[in-house]
2 protein chains.
Amino acid sequence: MAVTMKDVAEHAGVSLPTVSRVINDTSYVNAETRAKVLAAIEELQYVPNQMAASLRSNNTKTLALLVPDIASSFWTTVLRGVEDEAMARGYHVFLGNTDDDPAKEARYIDGLVRRRIDGLLIAPTAKSVPLLRRLRQQGMGCVVVHRPVSGLEIDTVRSDAYASAVILTQHLLAAGCRRIAFIGGEIEQGRLRAYRETLAAAGQVLDPALVRIGPLSEQVGEQLVNTVLARNPPPDAIFIGNNRLATGALHALGRANAQRSEPIAIAAFYDSAALSVYAPPMIAAIQPAYEIGRYSTRRLFDRLANKPVDGHEIILSNRIMIVSGAHTPSLEPAAG
Amino acid sequence: MAVTMKDVAEHAGVSLPTVSRVINDTSYVNAETRAKVLAAIEELQYVPNQMAASLRSNNTKTLALLVPDIASSFWTTVLRGVEDEAMARGYHVFLGNTDDDPAKEARYIDGLVRRRIDGLLIAPTAKSVPLLRRLRQQGMGCVVVHRPVSGLEIDTVRSDAYASAVILTQHLLAAGCRRIAFIGGEIEQGRLRAYRETLAAAGQVLDPALVRIGPLSEQVGEQLVNTVLARNPPPDAIFIGNNRLATGALHALGRANAQRSEPIAIAAFYDSAALSVYAPPMIAAIQPAYEIGRYSTRRLFDRLANKPVDGHEIILSNRIMIVSGAHTPSLEPAAG
DNA sequence: GTGAAAGCGCTAACAT
DNA sequence: ATGTTAGCGCTTTCAC
């Protein structure tokens with residue numbers, strides 16, 4: 001059917017492995033021989049068959065990134081980081097959406113293992129630990145992206161959500177807020193804990209009705225805000241623990257604040273893509289999505305190359321920003 | 001090394017092809033035999049090697065999507081559509097960013113051809129026609145996404161940008177605007193033509209200084225708006241021909257309008273993801289990104305299956321929306 | 001309905 | 001520095 005390495009070898013009057021050596025630069029080849037081979041490749045328009053190479057050599061030069069939903073600007077930016085880093089090394093990347101559904105995740109991973117990907121970057125669901133454990137036993141290179149995993153020593157790249165959440169909460173307290181609501185996703189346990197502990201440390205009692213958890217979508221963000229606003233007395237500040245929720249939540253808050261003399265203060269986990277589109281006055285923790293993507297991929301490559309690395313966790317810092325104008329996010333990180 | 005089909009066959013006491021038949025459901029197998037095989041697969045934790053299967057069967061159950069930049073919400077949503085459709089049929093998808101750079105695109109495609117992907121979904125650069133022609137000669141299934149291609153009969157899925165641009169321009173004219181600026185990307189020739197022709201049809205003379213073309217980024221969107229606003233006399237309306245530019249452009253316009261008694265009217269190509277984050281009063285053409293992704297993928301599958309299809313172009317309609325409140329996009333499509 | 005044999009296109013191990 | 005040989009794990013073809 002298509003032209004194969006054998007055809008190239010015959011055309012160039014050399015043996016088949018010599019062609020392989022030229023293509024993969026895997027051992028020295030005479031300049032003359034090399035030229036003949038290159039000419040044959042050019043003339044026959046030969047394109048190597050990676051399937052065959054992979055079957056023999058046991059590596060596919062292929063990675064995969066599994067995220068909850070690529071439609072979220074955070075994950076999009078992570079993907080861009082992964083892609084840039086992988087492409088620079090001649091690797092290609094599969095993308096998969098899990099929708100945080102363990103069944104979908106499992107189905108995806110099965111397909112990826114069949115395809116013998118060299119490594120996996122994954123934002124696991126809450127129930128993925130056994131699956132990750134099995135993958136690792138099978139020798140699959142894995143890096144967990146942006147989510148902590150308990151009960152398993154595995155490479156993880158994430159930002160320090162807890163520390164940022166403390167700063168955000170302290171900022172609201174310092175601004176005089178005394179009824180601070182929290183909305184977030186199931187997965188944001190660290191941020192919720194930071195919020196609770198910071199309030200407790202400041203001697204604040206917490207109204208449990210002001211803490212709302214829900215699935216990660218814009219619509220839910222809006223609903224959760226409306227729910228806590230309906231509480232009597234209403235909150236004087238809202239901590240939004242997730243960037244996906246933030247998109248909807250900020251809308252609802254914008255409308256609510258437009259009708260109040262004293263606006264409700266806002267702290268939010270957000271990302272730079274969303275920031276460039278909409279940024280009301282607030283204090284925000286901006287997550288380094290692109291860097292998370294790049295560092296995850298680098299760590300994966302380091303593992304694949306058996307390079308020595310220290311520790312299992314890479315923790316990047318969020319950028320804390322105080323946004324003052326309606327559409328003019330300050331470009332300077334805030335102090336503290 | 002790993003457990004192979006041969007191991008499964010021995011364990012189940014059947015021949016190797018029988019295992020293959022069970023796995024791929026490729027011919028009838030006795031219920032008993034089937035059960036034995038399935039048990040062996042389970043017991044040995046066997047995962048088929050898709051490389052080997054692909055090498056033999058000449059298909060990889062793999063697609064690729066090449067976009068200018070996945071960080072744009074439009075392409076993100078297209079990807080989601082592609083992914084959903086592909087996953088439903090057991091296909092996996094490679095993602096690539098070209099940054100509209102022909103060299104990068106070529107490098108990417110080479111890697112994909114080596115990997116023997118079954119089909120390619122691509123938003124080509126302006127210079128990709130020869131490349132596409134060659135790919136098609138090699139028998140690669142190709143669908144062009146969201147961009148018109150001239151001089152080549154190739155499957156294309158896009159929205160009717162020209163028609164929408166006419167409606168947007170007519171709307172601005174009907175609202176009494178007489179100095180309508182246009183900002184867009186190099187690639188948006190159809191939209192620019194619609195704008196020019198509609199103005200001409202209405203007997204309007206066009207100030208060439210009010211037409212600005214630039215590369216697609218938020219920053220450029222902001223710059224282009226500032227450039228046309230600096231013109232004396234200033235425009236009374238701005239037509240934003242691209243959703244990526246729109247993000248930055250709408251910021252600049254928001255600031256400008258805040259300081260004017262008579263606001264500058266806005267018409268824009270936008271997308272639903274961006275809309276849910278920020279939507280000032282304007283008339284917008286909302287592009288059906290998710291559907292473009294799904295239809296492209298379906299068309300590709302139809303071609304791969306040699307199904308008869310009529311025509312090379314699938315043209316979807318944009319949704320025309322009149323946004324009135326600051327953050328409350330009307331959910332009803334506007335008439336006309 | 002199932003098995004035996006061949007071979008997809010390449011790389012790895014060895015020989016020279 | 002290059003050639004010979006073997007075989008990666010599977011599907012296909014052809015028997016029976």
Side-chain angles (χ1 to χ4, degrees), chain A residues 1-38 40-41 44-62 90 110-111 113-118 138-139, chain B residues 1-38 40-41 44-62 90 110-111 113-118 138-139:
Chain A
M1 216 187 87
V3 26
T4 74
M5 196 175 266
K6 193 177 163 204
D7 300 327
V8 175
E10 285 169 3
H11 197 89
V14 299
S15 77
L16 198 147
T18 299
V19 179
S20 174
R21 290 191 261 258
V22 169
I23 288 174
N24 300 309
D25 212 24
T26 186
S27 92
Y28 192 83
V29 177
N30 249 356
E32 262 181 70
T33 320
R34 168 182 224 83
K36 277 194 297 186
V37 171
L38 257 18
I41 289 175
L44 300 179
Q45 293 261 48
Y46 169 66
V47 183
N49 185 329
Q50 177 78 36
M51 293 301 117
S54 294
L55 179 59
R56 191 62 240 256
S57 66
N58 266 317
N59 70 333
T60 53
K61 304 261 180 220
T62 297
D110 179 61
V113 173
R114 281 172 189 243
R115 283 167 180 76
R116 298 294 191 265
I117 56 167
D118 292 340
Q138 293 170 6
Chain B
M1 212 187 86
V3 25
T4 75
M5 196 175 265
K6 193 177 161 204
D7 300 327
V8 175
E10 284 168 4
H11 197 89
V14 299
S15 76
L16 197 146
T18 299
V19 178
S20 173
R21 287 190 262 259
V22 169
I23 288 174
N24 301 307
D25 212 25
T26 186
S27 92
Y28 192 82
V29 177
N30 250 355
E32 262 182 70
T33 320
R34 168 182 224 85
K36 278 194 296 187
V37 171
L38 257 19
I41 289 176
L44 300 180
Q45 293 260 50
Y46 169 65
V47 183
N49 184 328
Q50 177 77 36
M51 295 300 118
S54 295
L55 179 58
R56 191 64 240 256
S57 67
N58 265 316
N59 70 333
T60 52
K61 305 260 180 222
T62 297
D110 179 61
V113 173
R114 281 172 188 244
R115 282 166 180 76
R116 298 294 192 266
I117 55 166
D118 292 339
Q138 293 172 6

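Residue numbers begin at 1 in each chain, while the letters A, B, ... track the order of the sequences.
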Item to check | From CG (B/D7) to CG (B/L16), nearest 0.5 Å | outcome: 9.5 Å

Item to check | Between P of D/dC10 and CZ of A/R115, the distance in whole Å | outcome: 14 Å

Checklist entry - Who pairs with A/Q138 by side chain to side chain contact (heavy atoms under 4.5 Å, CB included), at least two apart in sequence or on another chain? => result A/V113, A/R134, A/L135

Checklist entry - Which nucleotide in the set D/dC8, C/dT2, D/dC10 lies at the smallest distance from any side-chain heavy atom of B/S27? => result C/dT2

Checklist entry - Of the nucleotides C/dG1, C/dG3, C/dC8, which has the atom closest to the B/Y28 side chain? => result C/dG1

Side-chain donor-acceptor contacts of residues 18-29 of chain B below 3.5 Å, not counting sequence neighbours, with atom names and distances?
from	atom 1	to	atom 2	distance (Å)
B/T18	OG1	B/S15	OG	3.2
B/S20	OG	B/N24	ND2	3.4
B/N24	ND2	B/S20	O	3.1
B/D25	OD1	B/R34	NH2	3.4

Next on the checklist: Base contacts versus sugar-phosphate-only contacts with protein, heavy atoms under 4.0 Å: please encode nucleotides 11-16 of chain C as B, S and - from 5' to 3'.
Outcome noted: BB----

Item to check | Taking every non-hydrogen atom, the tightest pair across A/Y46 and A/T4 | outcome: CE1-C, 3.6 Å

Checklist entry - OP1 or OP2 of C/dG3 sitting under 4.0 Å from any side-chain N/O of B/S15? => result yes

Checklist outcome for this item: Taken to the nearest whole Å, CG/B/N49 to P/D/dG7 is 18 Å

Item to check | Inter-residue atom distance B/L44.CG - B/H11.NE2, 0.5 Å rounding | outcome: 5.0 Å

Checklist outcome for this item: Looking only at heavy atoms, the pair that brings B/V47 and A/R116 closest together is O-NH2, 3.0 Å

Checklist entry - What integer distance in Å separates B/M51:CE from D/dT11:C1'? => result 15 Å

Next on the checklist: Quick check on contacts: within residues 29-38 of chain A, what sits under 4.0 Å from DNA chain C by heavy-atom distance?
Outcome noted: none

Checklist entry - What integer distance in Å separates A/N59:CG from D/dC8:P? => result 17 Å

Checklist outcome for this item: Whole-Å distance, B/E10 CD to D/dG9 C1', equals 13 Å

Item to check | Whole-Å distance separating the CG atom of A/N58 from the P atom of D/dC10 | outcome: 12 Å

Checklist entry - What's the shortest heavy-atom distance between B/M51 and A/S54, and which atoms? => result SD-CB, 3.7 Å

Checklist entry - Taking atom P of D/dG9 as reference, at what distance in whole Å does atom CG of B/L44 sit? => result 14 Å

Item to check | Degree of bending in the helix from C/dG1-D/dC16 to C/dT16-D/dA1 once both end axes are built from five pairs, to 10° | outcome: 30°

Item to check | Contacts of B/N59 that satisfy side chain to side chain donor-acceptor pair (under 3.5 Å) - sequence neighbours left out | outcome: B/S57

Next on the checklist: Checking A/D110 now: which residues fulfil salt bridge (charged side-chain N to carboxylate O under 4.0 Å, His left out) with it, not counting sequence neighbours?
Outcome noted: A/R114

Checklist entry - Rounding to a whole Å, what distance do you find between B/Q50:CD and D/dT11:P? => result 8 Å

Checklist entry - Which residues pass the side chain to side chain contact (heavy atoms under 4.5 Å, CB included) test with B/T62, sequence neighbours left out? => result A/F94, A/R115, B/T60, B/F94, B/I117

Next on the checklist: Return the CG to CG distance between B/L55 and B/N49, rounded to the nearest 0.5 Å.
Outcome noted: 9.5 Å

Checklist outcome for this item: Testing D/dG9, C/dG3, C/dC10 for proximity to the side chain of B/Y46, the answer is D/dG9

